[in-house]
Amino acid sequence: EAGVAQSPRYKIIEKRQSVAFWCNPISGHATLYWYQQILGQGPKLLIQFQNNGVVDDSQLPKDRFSAERLKGVDSTLKIQPAKLEDSAVYLCASSLSGTAYEQYFGPGTRLTVT
Amino acid sequence: GNSVTQMEGPVTLSEEAFLTINCTYTATGYPSLFWYVQYPGEGLQLLLKATKADDKGSNKGFEATYRKETTSFHLEKGSVQVSDSAVYFCALRNAGGTSYGKLTFGQGTILTVHP
């Protein structure tokens, strides 16, 4: 069974530029999560989707971050404009419907903002 | 709010040594507790879990017991291998409230095992 796919694996941009990350969850997984993992810290949930609807985006900095999951399958997370403090690993995870099920994580995208 | 605190790292051990990584938590209700492992260049993987007090989770020689009285979920392994070198995260899953089901992670502990 294929795991959670993410691309790109690495990205370097200058501050004030924009960037987008892509995630393809495990087939059949209705719930999709985006996490931000700053160096030396644990992952922090940014947004959770159930199919193509947002369940929780309370920790998403909505002035610069946006995410969508239009067809209820793959998802895109965008940052515009990026700040230095956005340098982190962005992890995507998916699970069967609902948070009671195990979350499977992708390898992450390492973003460096200079 | 809910929080998870792990022992400071990094932890460096020789092969076959005994491992303990401490984890304590603060939460309302009765959360489920997890240990995740992140090998270099890979995503997080669930290592073990416990869903109620006094449950013991175990996998690949690792164990952790859900201790409600001390709000702890310490990870142990009797004899570590070089292949256990990774970052270990303790986490809890909210049991109720507006953040039901949300995972809260500790800061992670880097483990390095030398031959």
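- Annotation: residues 37-50 of chain B contacts chain A through Gln38(B), Gly41(B), Glu42(B), Gly43(B), Leu44(B), Leu46(B) [non-hydrogen atoms, separation under 4.5 Å].
- Residues Ile110(B) and Leu91(A) share a hydrophobic cluster, clusters being chains of Ile/Leu/Val/Met/Phe/Trp/Tyr side chains in contact below 4.5 Å.
- Tyr35(A) and Val4(B) are not part of a single hydrophobic cluster, where members link through side-chain heavy atoms under 4.5 Å apart.
- No side-chain heavy atom of Leu103(B) sits less than 4.5 Å from a side-chain heavy atom of Tyr33(A).
- The hydrophobic cluster containing Leu45(A) also contains Phe34(B), counting ILVMFWY residues as joined when their side-chain heavy atoms lie under 4.5 angstrom apart, directly or transitively.
- Enclosure of atom CG in Leu84(A) by more than 12 non-hydrogen atoms of other residues, nucleotides or ligands within 6.0 angstrom is indicated.
- Along residues 59-67 of chain A, the residues that come nearer than 4.5 angstrom to chain B, judged on non-hydrogen atoms, are Gln59(A) in order of number.
- Annotation for Glu85(A): atom CD counts as buried by contact number, over 12 foreign heavy atoms lying within 6.0 Å.
- Looking at every heavy atom in both residues, Phe89(B) comes nearest to Gln41(A) through CE2-O, 3.9 Å.
- Looking at Arg9(A), only its side chain comes within 4.5 Å of chain B, counting heavy atoms on both sides.
- Once rounded to the nearest 0.5 Å, the distance linking NZ of Lys44(A) with CZ of Phe105(B) reads 13.5 Å.
- Ile79(A) and Val89(A) are members of different hydrophobic clusters when ILVMFWY side chains are connected at heavy-atom separations under 4.5 Å.
- Under the 4.5 Å side-chain contact rule for hydrophobic residues, Val87(B) and Phe62(B) do not share a cluster.
- For a residue to count as touching a neighbouring chain, one of its non-hydrogen atoms must lie under 4.5 Å from one of that chain's; by this rule Gln6(A) does not touch chain B.
- For the set Gly108(A), Pro43(A), Pro107(A), the count of heavy-atom pairs under 4.5 angstrom toward chain B peaks at Pro43(A).
- Contacts of Tyr36(B) with chain A are made by side-chain atoms alone, with heavy-atom separations under 4.5 Å and no backbone atom involved.
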